[in-house]
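Quick notes on the structure that follows.
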Amino acid sequence: MQEEKSLNFIEEIIEEDLKSGKYTTILTRFPPEPNGYLHIGHAKSICLNFSLAKKYGGATNLRFDDTNPITEDTEYVDSIKEDIQWLGFQWVNEFYASDYFEQLYEFAVTLIRKGLAYVDDSSSEKIASEKGSHTEPGIENEFRSRSIEDNLQLFEEMRNGKYEDGAKVLRAKIDMASPNMHFRDPVMYRIKHAHHHRTGDAWCIYPMYDFAHGQSDSIEKITHSICTLEFIPHRPLYDWYIEHLEIFPSHQYEFARLNMTYTVMSKRRLLQLVNEGMVNGWDDPRMPTISGFRRKGYTPSSIRTFCDKIGVAKRDNLIDLSLLEFCIREELNQSAPRTMAVLNPVKLIIDNYEDGVSEEMILENLPNDAENVRSVSFSKELWIEQEDFMEEPMKKWFRLAPGQMVRLKSAYIIQCESFKKDDSGKIIEIHATYIPQSKSGNDTSGLKVKGTIHWVDAKNAATAEVRLYENLFIAENPAAAEGDFKDYVNPHSLEIKTAFIEPQLTKAKVGEHFQFMRNGYFCVDPDSKEGQPVFNRTVGLKEGFKSTQK
RNA sequence: UGUCCCAUAGUAUAAAGGUAGUACAACAGAUUUUGAUUCUGUCUGUCGAGGUUCGAAUCCUCGUGGGACAACCA
């Protein structure tokens, strides 16, 4: 039984449009600019656009908004396509705004002919100052009254490369006194003698976002053009161009972009992190990029679930990172095999266990699945976690401490007898005795212990590099924090360790997940070599024990 | 001192004028061979003031608070 899920406001609009017969089928689009990698905020938009189309039997176009050759690159085009497909979505058409450059040029000529556009020779500074302010109207300059013929000729000359960058722009002639700043004769075309990643040197004039986006939607007959809130003031202009060009009336709808605690979503800042070497590239597991989450071990379904849970609305939001973590934990808890790995080892010696003897212990790979088991060797010397031993235990400490008993997972109950320290006071060796009757599976000891700890047989333990990631940012809302965002970069966001692992784990394959018991969920990194896995911590376990407890 | 958008628990998100619900978080209890998981429970909410109405989270007015907008970026 599927529970009826309520509609978000965009679904309501679509259902209304379908019901009224305004549209018989819907078409959405996802329109990234190829100037960076996609991040989790884009995932929200991708999930929204593709799911909406799927839900209502429509389709989604992928359209690259590549109208600014300076910042764009095919590397980004490729990564964007990969990320969308990895998330589990497929577009019907792959389009580029640059596909429409010729048509957009004709649209511009149409507006000039209608007396609705003019070539302005002013500098960008002059245009900016003539625009006025929120409280003062702008002023109309002398170029605004150029004849249609002059404008036609000048615009053609702009296209033909007669002028330098910045010498002239084409502007829409709307209203220099409009309360909407975007209506104060917005720039339609600017001159950029720059190489474009797709059109090469075919053009030296490029349309602005406002003169490209709506028309591109219209050319593709997009019915619902869904974007983020900051484009609300652009909507009247979007409509104005479509109205005066008399083309297919696509409509724009806006939703609030995703903000997440301890996460920076600004492409500009993410680029800065990459360029300044503060992370190891766009797919660094600390990055909030889709490729970063992928590498860290997040699954596409966990991200889709997250996007579904956060909802769609128009109010500004700041989502708890813990919700995303919940989504991946919930999934990995079902699927990730448990395995014992010791990240901060200390030697445990079982004094009354016979030297040179080994036993095979049977461990479940997943809880409550007695069929799915493996065998792990056990002998006199083991590695256990430093954190599982306390010299002076706090109240309610269930794990190892002098004189205290714990169970070694799937093996014996032991009692700590003594420990050794090195000169610096660090504990280097723990001695214990085991209870032979307490063997897991046929425990006749009658003992009950509260703590269970994991271990790895020192005799045949393998080693592996593990990478522990903490939040890259220490500010709850880095976007709103005062000062330079770099002040909020966490210098301890990456910790690399060599862990002892069960020997068969060396066969783990790239992308495989494991739960390293109390240490959390890990995923094999693509950097791994055959037989030498490198593990990224995907997410820690939910912390039940408060170490601050007295 | 402009125009526009928004306002429901700590965080998000529902409730098409008719019982304010759900998830995450937090807390508590039970179970547990990892203080996890699992299960049960608790906690906290309609920004304010008026109005319309039998009835308002929802509609209207005025406030208040937050956000966006003056790139030859998207």
Side-chain angles (χ1 to χ4, degrees), chain A residues 3 5-8 12 31-33 35 65-68 70-72 97 120 122-124 127-129 131-138 165-171 178-184 187-192 205-206 208-210 212-213 227-236 254 256 261 267-268 309-327 329-330 333-334 338 340 363-364 367-368 385 388 396-399 406-411 413 440-441 443 449-454 515 517-520 540-547 549:
Chain A
E3 213 173 288
K5 219 190 157 233
S6 53
L7 302 179
N8 65 48
E12 280 178 12
E33 183 189 10
N35 68 346
D65 231 333
D66 55 349
T67 57
N68 184 0
I70 309 290
T71 54
E72 298 158 5
D120 191 326
S122 311
S123 67
S124 59
I127 289 176
S129 71
K131 221 158 210 177
S133 70
H134 291 139
T135 49
E136 288 170 65
D165 288 7
K168 286 178 167 45
V169 290
L170 182 72
R171 290 226 261 171
S178 172
N180 182 343
M181 299 301 286
H182 296 277
F183 263 38
R184 323 252 264 224
V187 173
M188 293 162 59
Y189 269 92
R190 76 284 214 191
I191 301 170
K192 278 179 194 277
I205 57 170
Y206 292 91
M208 298 289 290
Y209 165 85
D210 285 306
H213 200 99
C227 62
T228 48
L229 255 30
E230 63 269 30
F231 290 99
I232 289 177
H234 295 251
R235 192 188 336 128
E254 309 87 6
T261 54
K267 258 195 207 174
R268 201 188 98 248
K309 282 181 188 291
I310 58 179
V312 179
K314 296 188 81 162
R315 78 173 108 153
D316 293 318
N317 58 75
L318 184 63
I319 309 278
D320 262 332
L321 182 56
S322 61
L323 182 60
L324 212 208
E325 293 180 339
F326 167 80
C327 292
R329 254 192 226 118
E330 182 182 50
N333 179 42
Q334 302 297 319
R338 274 52 171 175
M340 301 195 290
L363 281 95
E364 289 175 346
N368 307 317
E385 300 283 356
D388 286 343
K396 289 192 174 175
W397 175 255
F398 300 159
R399 286 174 259 169
V406 293
R407 176 175 292 280
L408 293 171
K409 171 73 179 171
S410 298
I413 292 175
S440 190
D443 183 346
V449 291
K450 277 189 168 170
T452 301
I453 64 174
H454 58 270
Q515 190 201 95
M517 310 312 283
R518 229 190 298 266
N519 287 309
L541 251 39
K542 193 170 166 179
E543 191 65 75
F545 175 71
K546 301 281 178 287
S547 56
Q549 215 165 311

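Keep in mind that this is a model prediction, so the values were computed, not measured. Every heavy atom of this structure was used, including side-chain atoms; hydrogens, water molecules and symmetry mates were not. Protein chains get the first letters and strands the later ones, always in sequence-line order, with residue 1 at the start of each.
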Determine the Euclidean distance between corresponding P atoms of B:U42 and B:U22; express it in Å to zero decimal places.
11 Å

My understanding is that only residues two or more places apart in sequence, or in another chain, count here; which of them pass side chain to side chain contact (heavy atoms under 4.5 Å, CB included) with [X]?
X	result
A:N8	A:I10, A:E11, A:L48, A:V312
A:L229	A:I232, A:E254, A:A256, A:K314, A:D316
A:P367	A:R338
A:E230	A:T228, A:R257

Report yes or no: is the cationic atom of A:R399 (NZ for Lys, CZ for Arg) under 6.0 Å from the centre of the six-membered ring of A:F545, at an angle within 45° of the ring normal?
yes

Each nucleotide in nucleotides 3-9 of chain B should get exactly one letter: B, S or -. Can you fill that in based on protein heavy atoms under 4.0 Å?
SSSSSB-

Send over the distance from [X] [atom1] to [N] [atom2], rounded to a whole Å.
X	N	atom1	atom2	value
A:R399	B:A36	CZ	C1'	11 Å
A:E325	B:A36	CD	P	16 Å
A:K450	B:A30	NZ	C1'	14 Å

Donor-acceptor pair, A:D120 side chain versus A:S122 backbone, under 3.5 Å?
yes

Quiz question: going by heavy-atom distance under 3.5 Å, is there a donor-acceptor pair between the base of B:U33 and the side chain of A:S440?
yes

Pick the closest RNA chain B nucleotide for A:V312 and for A:K409 by heavy atoms, then say which residue is nearer the 5' end.
A:V312

Report the residues that fulfil side chain to side chain donor-acceptor pair (under 3.5 Å) with A:D65, sequence neighbours left out, ordered by chain and then residue number.
A:H213

For A:R407, give me all partners under salt bridge (Lys or Arg N to Asp or Glu O under 4.0 Å), at least two apart in sequence or on another chain.
A:D443

Partners of A:E72 by salt bridge (Lys or Arg N to Asp or Glu O under 4.0 Å), sequence neighbours excluded?
none

Encoded 5' to 3' (Watson-Crick or G-U under 3.5 Å; [ ] crossing; | other strand), RNA chain B becomes .((((((..((((....[..)))).(((((.......)))))....(((((..]....))))))))))).....

For A:H182, the ring-ring contact (aromatic ring centres under 6.0 Å, His included) test, sequence neighbours excluded, returns A:H234

Every protein N/O within reach of nucleotides 72-74 of chain B N/O, cut-off under 3.5 Å:
from, atom 1, to, atom 2, distance (Å)
B:C72, N4, A:S122, O, 2.9
B:C72, N4, A:S124, N, 3.3
B:C72, N4, A:G166, O, 3.1
B:C73, OP2, A:R190, NE, 3.0
B:C73, OP2, A:R190, NH2, 2.7
B:C73, OP2, A:K192, NZ, 3.2
B:C73, O3', A:R190, NH2, 3.1
B:C73, O2', A:N68, ND2, 3.1
B:A74, OP1, A:T67, OG1, 2.7
B:A74, OP1, A:R190, NH1, 3.3
B:A74, OP1, A:R190, NH2, 2.8
B:A74, OP2, A:Y209, N, 2.9
B:A74, O4', A:E33, OE1, 3.4
B:A74, O3', A:D65, OD2, 3.3
B:A74, N6, A:H234, NE2, 3.1

May I ask you to say what A:E12 touches in the nucleic acid, namely base, sugar-phosphate or nothing, with a heavy-atom cut-off under 4.0 Å?
sugar-phosphate

Would you tabulate the nitrogen or oxygen pairs shorter than 3.5 Å linking the protein to nucleotides 18-26 of chain B?
none

